[in-house]
Colleague: 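Structure incoming, see below.
Keep in mind that the numbers below use all heavy atoms, side chains included, and drop hydrogens, waters and symmetry copies. This one's a predicted model, so the numbers in the text were calculated from it and none came from an experiment.
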Amino acid sequence: MKRDYPNLCKPLKIGNLTLRNRMCSAPMGATDIDREGTPGPRTLGFYEARAKGSAAIVTVSELVVHPETDGSQMLHLSLKTIGQLGAFTYVADAIRRHGSIPSIELSHSGQYAGTYMVDKDGKGELCQYGPSDGVRPDGMKVKALTKEQIDDIVAAYAEGAALAQRAGFQMCMLHCGHGWLINQFLSPYFNKRTDEYGGSLENRTRLAREVLTAIREKCGRNFPIEIRMSGSELFDGGYDLDEGVRIAQALEDYCDLIHVSAGSYQFGFGVTHPSMFLDHGCNVYLAEEIRKHVSKPVATLGGLSDPEQMEQIIADGKADLVYMGRALLADHMLPSKVEANRGDEVVKCLRCYVCMAERAMTQTRRCAVNPLIGRELEGYEVVPVSPNRRKRVLVVGGGIAGMVAAVTARQRGHEVILCEAESELGGILRAEWAIPFKHDMFELGVTYARLCQKEGVEIRLNTRVDAAYAEAVNPDAVIIAVGSEAVMPPMPVADGAKVLLVDDIYLDGAEVGDRVFIMGGGLTGCECALLMASKGKEVHIAQRSPLAKDCNIRHRPILLKEIERNGIHVHQGFRVNEVRVDGVVMSDGEHDEFVPADTVVCALGQRPREEAVDALRDSAPFVRVVGDAVAARTITNATYEAFHAAMDI
């Protein structure tokens with residue numbers, strides 16, 4: 001067959017292994033880990049999904065090699081724990097049986113021990129070890145590792161690799177990036193040692209070389225070793241790309257694959273895991289430059305999810321492999337869709353950080369656009385019903401919840417009619433086209449509209465559904481996804497004042513003046529403020545409660561930095577009492593303040609369309625309400641509820 005993405009589909013030799021294609025699953029933390037560091041059955045399902053989706057390498061993350069100096073809630077592998085080797089063996093088997101290469105990331109957090117602990121207070125009981133004595137920005141003391149401890153850690157890396165090899169893992173990844181221990185030794189910022197491990201580049205790379213040598217001696221030549229490094233630390237005092245090249249050159253003889261990431265945990269989570277405010281592939285240039293100076297294959301990653309972009313990266317020689325983390329949470333079948341020339345069906349990552357936030361909050365995984373992730377044991381295939389169980393399903397509302405429900409119900413073999421009151425599918429996602437950093441969300445709506453057509457959903461646009469219409473359709477099941485509507489300003493508004501809803505701007509192209517006041521500092525208001533600031537407007541936001549409190553814990557700090565960087569005026573603790581023609585009067589409860597403005601934007605939230613829902617509650621034997629029609633929430637809730645509603649029919 002003629003491949004749409006021939007370069008992504010080419011095999012590649014890494015050591016003694018042949019990779020099936022050029023698309024790999026980056027290390028992403030497991031989901032159910034017991035107190036001994038043993039992976040549970042959900043972890044097996046989590047990684048197996050990526051293998052079944054045709055990822056060439058599936059990397060299990062993170063295997064802590066030396067708990068004595070790196071206490072954390074991550075994986076650990078030891079013969080001392082009964083059944084632990086078996087648990088890892090089952091994970092490796094689950095990956096390998098689908099034709100993927102099982103790999104495991106060997107890690108030590110160094111002075112960031114306990115990063116993934118949900119009980120953050122427990123971190124204070126840990127002793128933080130690093131290359132040098134010091135104090136972290138959060139006030140925790142760091143103790144320099146002794147030579148004896150370093151020797152123990154080197155041996156532990158080799159022992160961990162050997163046990164993983166025994167369990168059936170075919171290669172390993174040595175984590176030398178992101179501010180973890182080996183990166184701390186590589187970095188002139190963290191490493192202030194004066195012995196053989198500090199100072200010159202040769203000395204700062206010594207620990208990495210010793211670890212790589214020990215693994216090779218323990219595991220042999222037929223166990224490829226991949227190093228994961230930051231091509232540049234991307235902060236003042238850290239090493240730059242030129243030194244990143246020299247580090248790669250110093251280590252290439254000891255490894256089989258160089259995996260180039262970026263940044264450091266302490267200074268750039270939104271760079272190491274590129275946020276929606278950065279370009280897709282923003283870190284690829286690091287791998288491209290390093291590849292020019294080394295002879296080993298080079299892998300890249302960083303906000304990659306578009307098959308066209310990844311194909312071009314390989315075709316242009318910028319890298320030999322592409323890794324994906326969040327992209328394979330959003331669509332674990334991405335590589336198999338690429339191989340089958342179905343790239344237009346890929347559900348792309350939104351870079352919303354729901355996945356990262358969920359792990360930090362609950363030790364599970366969840367994805368805004370993939371309801372199966374982290375819950376693979378519940379079944380991650382949509383199995384068609386038998387012919388005698390096929391139903392007629394009416395889905396009311398063509399937003400993301402309605403489209404997910406329609407596609408899922410159709411994949412199960414039901415007859416599906418999708419009605420949308422507007423002239424296009426997409427619902428609230430249609431508005432995201434106006435916001436550059438949220439284009440991925442707009443594209444999500446486009447993708448699902450395409451999937452509805454491909455699956456054979458009957459789409460009826462410009463169609464409002466009431467009880468009479470539903471009765472005429474005579475469905476066996478109704479899924480109500482009518483969404484929500486904007487909360488209108490409750491305060492007095494003067495005649496002639498220019499008050500707009502966000503959709504007036506995004507969908508209707510309403511003109512906005514030079515001085516914009518936004519009522520409501522939730523996620524929607526903050527995003528509108530950033531858009532207005534990007535257009536050169538003077539922007540003010542008033543919010544009684546903390547700004548963007550409806551934003552997840554990973555995305556919120558990055559969003560707030562963008563608010564600050566763009567010079568947006570934030571009026572925390574204020575409520576608007578009156579909208580005048582020339583501005584607003586607001587109050588903090590003690591005094592009033594006038595802010596001049598020629599345009600006021602209302603971003604006070606959404607409320608479900610309860611009347612539309614109530615009118616349809618008795619329209620079929622099976623009725624389910626999903627998404628914003630239940631309560632104005634997130635895409636995560638919408639996709640999860642819609643998927644399972646369709647699965648329950």
Colleague: Please work out which of the three classes, parallel, tilted or perpendicular, describes the rings of Tyr189 and Phe235, given edges at 30° and 60°.
Modeller: perpendicular
Colleague: Would the distance check show the side chain of Lys296 and the main-chain N or O of Cys255 forming a donor-acceptor pair, the cut-off being under 3.5 Å?
Modeller: yes
Colleague: Check whether Glu289 reaches the backbone of Leu241 with its side chain - one donor and one acceptor, N or O, closer than 3.5 Å.
Modeller: no
Colleague: Quick one: pull up CE in Met324 and CG in Leu334 and give me the separation to the nearest 0.5 Å.
Modeller: 5.0 Å
Colleague: Determine, for Lys147 against Asp151, whether the closest basic-nitrogen to carboxylate-oxygen distance falls under 4.0 angstrom.
Modeller: yes
Colleague: I'd like to know if Arg291 and Glu288 make a salt bridge, using a cut-off of under 4.0 Å between side-chain N and carboxylate O.
Modeller: no
Colleague: Is there side-chain contact between Val65 and Leu77, with heavy atoms separated by less than 4.5 Å?
Modeller: no
Colleague: Do the non-hydrogen side-chain atoms of Thr43 and Asp32 ever get within less than 4.5 Å of each other?
Modeller: yes
Colleague: Do the charged groups of Glu243 and Arg204 touch, with an N to O distance under 4.0 Å?
Modeller: yes
Colleague: Answer yes or no: is there a side-chain heavy-atom contact under 4.5 Å between Arg246 and Tyr239?
Modeller: no
Colleague: State, to 0.1 Å, how close Met74 and Ser109 come at their nearest heavy-atom pair, and which atoms those are.
Modeller: CE-OG, 3.4 Å
Colleague: Strictly below 4.0 Å, N to O, side chains only: are Glu196 and Arg206 in salt-bridge contact?
Modeller: no
Colleague: Per the side chain to side chain contact (heavy atoms under 4.5 Å, CB included) rule, which among Met28, Glu358, Glu376, Arg42 passes with Arg365?
Modeller: Met28
Colleague: Atom CG of residue position Asp242 - does it have more than 12 heavy atoms of other residues, nucleotides or ligands inside 6.0 Å?
Modeller: yes
Colleague: Looking at Arg3 and Glu339, would you say the former's side chain and the latter's main chain have a donor-acceptor pair under 3.5 Å?
Modeller: yes
Colleague: Any side-chain donor paired with an acceptor under 3.5 Å for Gln149 and Thr69?
Modeller: no
Colleague: Just wondering, do Cys24 and Leu301 contact through their side chains at under 4.5 Å, heavy atoms?
Modeller: no
Colleague: Strictly by modelled atom types, are His332 and Asn370 linked by a side-chain donor-acceptor pair under 3.5 Å?
Modeller: yes
Colleague: Would one find more than 12 heavy atoms of other residues, nucleotides or ligands at under 6.0 Å from atom NZ of Lys192?
Modeller: yes
Colleague: Please identify which of these residues, Val322, Asn21, Ile313, meets the side chain to side chain contact (heavy atoms under 4.5 Å, CB included) condition with Leu8.
Modeller: Val322
Colleague: Between His108 and His66, how do the two ring planes meet: parallel, tilted or perpendicular, split at 30° and 60°?
Modeller: parallel
Colleague: Does a sphere of radius 6.0 Å around CZ in Arg342 hold more than 12 heavy atoms from other residues, nucleotides or ligands, not counting ones at 6.0 Å or beyond?
Modeller: yes
Colleague: Crowded around Lys80 NZ? As in, over 12 foreign heavy atoms under 6.0 Å?
Modeller: no
Colleague: Between Thr59 and Ser25 (side chain of the first, backbone of the second, donor and acceptor by atom type, cut-off under 3.5 Å), is there such a pair?
Modeller: yes
Colleague: Tell me, yes or no, whether the heavy-atom count around Lys141 atom NZ, taken from other residues, nucleotides or ligands under 6.0 Å, exceeds 12.
Modeller: no
Colleague: Regarding Asp4 and Lys337, does a basic nitrogen lie under 4.0 Å from an acidic carboxylate oxygen?
Modeller: no
Colleague: Output yes when Lys561 and Glu564 qualify as a salt bridge under the 4.0 Å nitrogen-oxygen rule, no when they do not.
Modeller: no
Colleague: Relative to the ring of His178, is the ring of His175 parallel (under 30°), tilted (30 to 60°) or perpendicular (over 60°)?
Modeller: perpendicular
Colleague: Flag yes if more than 12 heavy atoms outside Tyr90 fall under 6.0 Å of its OH atom; otherwise flag no.
Modeller: no
Colleague: Any cation-pi pair here, Arg554 with Phe269, using under 6.0 Å and within 45°?
Modeller: yes
